[in-house]
A.B. asks: 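One structure is given below, represented as structure tokens, and several questions about it will come after.
In listed order, ligands and their atoms are each counted from 1.
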Amino acid sequence: MSKKVALITGITGQDGAYLAEYLIRKGYIVHGLKRRSSLFNTERIDHLYQDPHEQDRRLILHYGDLTDSLNLTRIIGETQPEEIYNLAAMSHVKVSFDTPEYTANADALGVLRILEAVRLLKLTHKTRIYQASTSELYGLVQEVPQKETTPFYPRSPYAVAKLYGYWITVNYREAYGMHASNGILFNHESPLRGETFVTRKVTRAIARIALGMQEKVYMGNLSARRDWGHAKDYIRAMHAILQQDEPSDYVIATGITTTIRDFIRMSFGEIGIGIEFRGEGMEETARLSSVDEARFVRKVGDNYLEALRKRIGQELVGVDVNYFRPAEVDLLIGDSTKARSRLGWEPEYTLESLIEDMMHHDLKLMKKDSYLQRGGYKILNYFE
Ligand code: NAP
Ligand code: GDD
């Protein structure tokens, strides 16, 4: 039986890495689009790497960029994929306010370039396309919870660009009969999450605070609410969407929403640190209020307990206006009934087990990574 061929754009990102591993395990040959960078940017997929001289390679990387239509057309033509997962994007909402034109080029026109390449190459009836759409489309939410029929109201250059990506996917499906589908994925996180998204920023900072490497972390809007799942669960949905006889659009979400404040509280709590929030707005802070010593020793180690005890009453979290966005998405909570009934999709992780996974990973990372111990953390001084 011949192996299925998939092309993943954004293979070096969080979702691309998990999806590549998942598809290879299913027997696919996976081609990945990788941007040229002056430093290696393949850390998330290095464990899947195969030397080009090996026979029967299952992972093959190609230099490319969503802003380069000739390159996309050539790669799609050469690889002749049965499935394309378009995961590449400038994916940071706050950064999209700083780089709106580039974001539109990559996140909006990039989608068009892929669809048009498939059409021009006459692969319309062979190649199925997954477009990485987003709950950010709901922005200023018009309905709670959000489902496939909820009207969109994007609130950032990122979300407006993704709105084009969503509709051009629907349009090519209707106009040319392409098997092109949108996954409207709510926030999903993991130990591979980019360091400047809120969950990873928090778990990294808490790991450093617990190990005595950092005093305090500064955050933006603590009252925003997100529906957070685990990326490992969400990439299963991407694959299932392309296995359906008919293309369609699906919300993928847990149906539970949590404030940033509670995410921080739960993440400290996961390693036995109790915190108490006080004050409002820019004046809001969280202080170290208690330590569950048995839990802390089990999760972090007894070497760090004495130093932490001495910090009871000190501020661990503050607010910095620079992390606020010009327009905010206050509340996201998804209704994924359609995916659950048609795809049989269910998340396996809870928010608690997601946090456990991320905290465990970041504690291990901070203990062993001398670059981070020396101050590599300063990369977070950008206000993302
Ligand atoms: P991510 O970790 O930021 O990964 C983005 C990927 O896109 C990286 O591989 C990046 O390459 C690549 N990329 C960026 N600009 C590109 C360009 N111009 N040409 C080619 N590649 C480019 O994002 P993620 O969390 O895995 O998300 C995957 C996709 O799902 C994105 O489209 C995102 O917008 C969307 N999404 C994410 C979530 C979420 O909660 N994670 C929810 C809904 C939708 P480098 O490694 O070189 O930077
Ligand atoms: N990044 C960040 N940093 N966000 C903060 C901070 C902070 O210090 N403090 C508070 N927040 C709030 C943001 O204002 C936002 O309301 C929320 O935390 C989540 O921010 P992010 O983790 O950056 O994610 P996002 O929801 O804006 O976007 C992510 O999810 C989308 C799906 O809804 C990205 O992965 C997008 O690519 C994705 O489409």
Side-chain angles (χ1 to χ4, degrees), residues 8-20 32-37 39-45 62-68 71-72 85-96 99 102-103 105-107 109-111 113 130-139 146 154-156 158-159 161-162 165 182-190 192-202 205 217-231 234-235 238 252-253 259-261 263-264 317 319-320 322-325 327-332 334 380 382-384:
I8 303 177
T9 72
I11 196 164
T12 57
Q14 170 188 257
D15 292 2
Y18 281 125
L19 181 65
L33 189 78
K34 171 190 142 29
R35 295 197 287 184
R36 195 268 161 182
S37 127
L39 289 169
F40 286 126
N41 61 351
T42 52
E43 198 179 322
R44 291 183 176 110
I45 50 170
H62 306 260
Y63 279 117
D65 200 296
L66 278 195
T67 59
D68 181 343
N71 152 277
L72 290 172
Y85 296 86
N86 182 33
L87 309 185
M90 200 311 288
S91 70
H92 203 286
V93 172
K94 176 127 192 299
V95 175
S96 77
T99 60
Y102 172 72
T103 303
N105 195 358
D107 297 12
L109 292 181
V111 188
R113 292 183 183 106
Y130 172 88
Q131 168 56 18
S133 285
T134 166
S135 50
E136 280 290 303
L137 295 173
Y138 298 117
Q146 297 84 53
R155 293 270 282 172
S156 63
Y158 166 78
K162 284 282 187 178
N182 287 287
I184 308 172
L185 270 51
F186 282 60
N187 297 51
H188 46 281
E189 319 293 314
S190 75
L192 297 188
R193 185 60 146 150
E195 290 88 347
T196 60
F197 296 97
V198 74
T199 56
R200 190 78 200 290
K201 173 174 167 177
V202 166
V217 62
Y218 288 92
M219 305 297 304
N221 179 6
L222 296 171
S223 300
R225 287 189 275 173
R226 288 293 180 273
D227 179 333
W228 282 297
H230 198 300
Y234 286 43
I235 55 101
M238 296 177 187
I252 306 297
T259 61
I260 311 301
R261 188 179 294 104
F263 183 90
I264 297 173
V317 182
V319 172
D320 182 336
N322 289 297
Y323 291 110
F324 282 68
R325 286 131 193 228
E328 177 62 291
V329 172
D330 292 317
L331 165 67
L332 291 175
L380 289 198
Y382 298 112
F383 293 120
E384 289 177 36

A.B. asks: Quick one: look up the protein heavy atom nearest atom 36 (N) of ligand 1 and list residue, atom name and how far away it is.
C.D. replies: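 The protein heavy atom lying closest is Tyr158 OH, 4.0 Å.
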A.B. asks: Quick one: does Arg193 get within less than 4.0 Å of ligand 2, heavy atoms only?
C.D. replies: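 The answer is yes, since Arg193 has a heavy atom less than 4.0 Å from ligand 2.
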A.B. asks: Using a strict 4.0 Å cut-off to heavy atoms of Ser91, name the atoms of ligand 2 that fall inside it.
C.D. replies: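 Counting from 1, the qualifying ligand atoms are 34 (C), 36 (C), 37 (O).
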A.B. asks: Heavy-atom contacts with Ala224 under 4.0 Å: which atoms of ligand 2 show up? List them by number with element.
C.D. replies: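 Near Ala224, the atoms of ligand 2 are 16 (O).
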A.B. asks: Among Thr12, Thr42, Asn41, find the residue that satisfies the side-chain hydrogen bond (donor to acceptor under 3.5 Å, both in side chains) test when tested with Lys34.
C.D. replies: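 Testing each of Thr12, Thr42, Asn41 against Lys34, the sole residue satisfying side-chain hydrogen bond (donor to acceptor under 3.5 Å, both in side chains) is Asn41.
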A.B. asks: Write out the residue and atom name of the closest protein heavy atom to atom 28 (C) of ligand 1, then the distance separating them to 0.1 Å.
C.D. replies: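 Looking only at protein heavy atoms, the one closest to atom 28 (C) of ligand 1 is Leu87 O, 3.4 Å.
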A.B. asks: Where is the nearest protein heavy atom to atom 15 (N) of ligand 1: which residue, which atom, and how far?
C.D. replies: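 That would be Arg35 NH1, 3.3 Å.
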A.B. asks: For atom 11 (O) of ligand 1, grab the closest protein heavy atom and report residue, atom and distance to one decimal in Å.
C.D. replies: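 Of every protein heavy atom, Thr12 OG1, 3.3 Å lies nearest to atom 11 (O) of ligand 1.
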A.B. asks: Work out whether the distance between some heavy atom of Phe324 and some atom of ligand 2 is less than 4.0 Å.
C.D. replies: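 No, Phe324 has no heavy atom closer than 4.0 Å to ligand 2.
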A.B. asks: What protein heavy atom sits nearest atom 38 (C) of ligand 1, and how far off is it?
C.D. replies: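 For atom 38 (C) of ligand 1, the nearest protein heavy atom comes out as His188 CE1, 3.2 Å.
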A.B. asks: Looking only at protein heavy atoms, identify the closest one to atom 5 (C) of ligand 1 and say how far it is in Å.
C.D. replies: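 Protein heavy atom with the smallest distance to atom 5 (C) of ligand 1: Ala89 O, 3.7 Å.
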A.B. asks: As a check for students: among Gly13, Ser91, Gly64, identify the option with a heavy atom nearest to atom 23 (O) of ligand 1.
C.D. replies: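 Heavy atom nearest to atom 23 (O) of ligand 1 belongs to Ser91.
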A.B. asks: Quick one: look up the protein heavy atom nearest atom 41 (N) of ligand 1 and list residue, atom name and how far away it is.
C.D. replies: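 The closest heavy atom on the protein side is Arg193 NH1, 3.1 Å.
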A.B. asks: So which heavy atom in the protein is nearest atom 30 (O) of ligand 1, and how far is it from that ligand atom?
C.D. replies: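 It is Ala132 CB, 3.5 Å.
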A.B. asks: Evaluating non-hydrogen atoms only, which member of Lys94, Arg325, His92 is closest to atom 27 (O) of ligand 2?
C.D. replies: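 Answer by nearest heavy atom: Arg325.
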A.B. asks: Considering only heavy atoms of Tyr102, which atoms of ligand 1 have at least one such atom less than 4.0 Å away?
C.D. replies: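 In order of number, 15 (N), 16 (C), 17 (C), 18 (N).
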